[in-house]
Structures are given as structure tokens and as C-alpha cells.
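Shown next, in C-alpha cells, is the structure this report addresses.
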Amino acid sequence: MKFLKFLGTRIITFVLVIMIGVTTIFFVPRFMPSDPVENMIGQMISKQSNMTPEAIQLYRESLSDTFGLEGSLGEQYVGFLKKVFVTGDFGPSLAAYPTPVMDMVRRAVPWTLGLMLTSTLISWLLGNFIGLLAGFRKNKWYAKILEGMAVFLYPIPYYVFALALIMIFCYVIPVFPLSMTLDNMAFNWSTISTILKNSILPALSLILVGLGWWVISTKALTTSVVEEDYVYYAKLKGLSQQRIMMRYITPNVALPQITTLALQIGGVFNGALITEILFGYPGLGKLIYTGIVQADYNLIMGTITISIVSITIATFVVDIIYPFLDPRIRNT
């Protein structure tokens, strides 16, 4: 019964977050100064200067219907909700007309997920290991060096670190390409090696900056847990340092970090989007940037909606799994 109450609360929160996010995404593009329909008409007139006013008006009405801009704001909102939750069709993209937005999103999502999940997992595992070591062996010289490096990395924004990596490894020491370049998408070793080479710098910028936070937070948790009575009792029993760290300290440090991981997913995703733009990485970040520059309502709403839903689902799944890892939460 307690778990069902916990689950019900999380489901309600999940639905509210989705609705607030989707509603925000619907209204924000409509406050932008540029009009996607007029932009497209302007492009058409520049190519075909002999269009009559009647043809332009028909074209305007057709585009307004295509981009979901017909009717009142309330009618547009209801139509948008149907697209999001029923049909999953966000219409064609203005930037790549008449390509459907969902086709572009489907091609971009694997790139963003691959970059984000890989960098987040590596950063989390490595940061927790180093932080645990730095907190448990806090009087050792190497623990102090590791903590100092984490303090240096932590305040650096993703984009600043990305720009530094670009300057060093793309210009000063041109080891890696500046942007993603793929000649073909055939599944062979040549394509895989090209993808890996193009992904190293974007992933490295996310891993190193995220690493600072995980080391600092894990070190602080470890220092606190080491002072607990049960750890002191384990030392009095004569247990080895390795067993104390693995059996008594690591589980109690890892549990809060799992919760923190769920909370950090959104921040990591934002950093990944900025990094994609800087490196020309073909993920959702680049699509969002294209949509903003082109005032492409459908592309903006489609990409950001998918991003919000993905982040919320990931957070929800971690939140639901956590009580099975920590009985104290399940029984409260």
C-alpha cells in the first residue's frame, strides 16, 4: 500500500511535468518576433517574383494549415496536444520542407542518446570511484590531488570546456575534426571508427566537467559516512580497509548518488545540446538550433517536446527503481 501511494504520487508528478513542459513549448515559439509562414513566402517570392497576390494568399493559407496556425490560440493548442499524444505527427519542417519533423527527430535521437548516455555513465562511474577513494583515503597525497582537480573542473561550463578542446585539438594540435563528417552510413568498421573519432571531443567535454561534480559530491558523502558508528564498529572488529569500503561505505554512498543522477539528467542533456551545436554533432541540439534560426515552429516544438518527454521518462524510471534499491524509502 505504501509503495502504491508512492507510485501514484510519482505518476501525478510525471503527468504534470509533461503537461507544463508541452504547454510551455507550444506558447514560447508564438512569442518569437519572426513568422515561419511569412519567412517561407518571402523565400518563395525571391525565387518566383511573378506570383500573383491571390496565389500568395492561397499559399499563405496552405502553410498556416500545414504548420497548425489556423484558428484561435485555443484551437491551435488542442490540435498541438493531439499531435503530441495521439498522432505523434508534428508536421513538415520549414528548414527542410517538406521532410516531416519526426523523420528528422528519429535520425537525430540516436546520436544524442549515444552521446549523453555514454558520457553520463562514464562520468558517474569514474566520478563516484574517484570521490569514494578521495573521501576514504582523504589524508593520502593522491586523494588531495584528485580532489583539487575536481574542484578545478567543476565550475567550468560545458561550452567553455568544449571551446577549449576545439582550440587545442582542432587548431593547435589538429588531431580531431572540427565537425562531424560522414561519407556514408554503411555499417562497417570505417564508419564506426569515423563516428568514434568525431564523438571523442564532445563526449570528453561532458565527461570531464561532469566528473568534477561527482567527485566532489561523492567525496563529501564518503567523508560523512566514514564518521558513522557502524563504520567505527567495523574498524574495531578488525575488518580490512577494503572490506569496510566495499561493504559498509560504498552501498551507503551509492544510493544517494543514484537519486542525484536522476536529478542531473536534465542538466546533462542541456549541456549535450550546447556541445552538439559547437561541434556540429548531428543530434537534437543541432536540430533545435536550426529550428530557432529558421523560426521553424514545428521543428522547435517537435525536438524540444521529445527532449522533455525523454528526460521526464528517464527521471521517472530512476525514481521508481530507487525504492527497490533502498528499502528505507519503500517502507516509509
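These figures come from a predicted structure and were not determined experimentally.
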CZ/F14: more than 12 non-hydrogen atoms of other groups inside 6.0 Å |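 Buried by this count: over 12 neighbours within 6.0 Å.
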Please indicate whether M102 has more than 12 foreign heavy atoms, meaning atoms of other residues, nucleotides or ligands, lying under 6.0 Å from its CE.
->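 Yes, the 6.0 Å shell around CE holds more than 12 heavy atoms from other groups.
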Would you compute the distance between atom [atom1] of [X] and atom [atom2] of [Y] and round it to the nearest 0.5 angstrom?
| X | Y | atom1 | atom2 | answer |
| --- | --- | --- | --- | --- |
| L163 | I168 | CG | CD1 | 11.0 Å |
| L165 | L201 | CG | CG | 5.5 Å |
| W214 | I130 | CH2 | CD1 | 13.5 Å |
| I306 | R106 | CD1 | CZ | 9.0 Å |

Establish whether I313 and V22 are linked, either directly or via other cluster members, by ILVMFWY side-chain heavy-atom contacts under 4.5 Å.
-> yes
Transitively linked via ILVMFWY side-chain contacts under 4.5 Å: F169 with M167?
-> yes
Side chain to side chain, [X] and [Y], heavy atoms closer than 4.5 Å:
| X | Y | answer |
| --- | --- | --- |
| I18 | V309 | yes |
| L81 | M19 | yes |
| Y77 | T23 | yes |

Nearest heavy atoms of L206 and S119, plus distance in Å | CD1-OG, 3.6 Å
Any idea which heavy atoms bring G283 and W111 closest together, and the distance?
->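 Minimum heavy-atom contact is CA-CB, 4.1 Å.
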State which residue, out of [options], fulfils the side-chain contact (heavy atoms from CB on, under 4.5 Å) condition with [X].
| X | options | answer |
| --- | --- | --- |
| L284 | V105, I304, L115 | V105 |
| I122 | L211, I207, L204, L117 | I207 |
| N128 | L133, L221, T218, T222 | T218 |

Between S205 and P202, is there a donor-acceptor pair closer than 3.5 Å when you use the side chain of the first and the backbone of the second?
-> yes
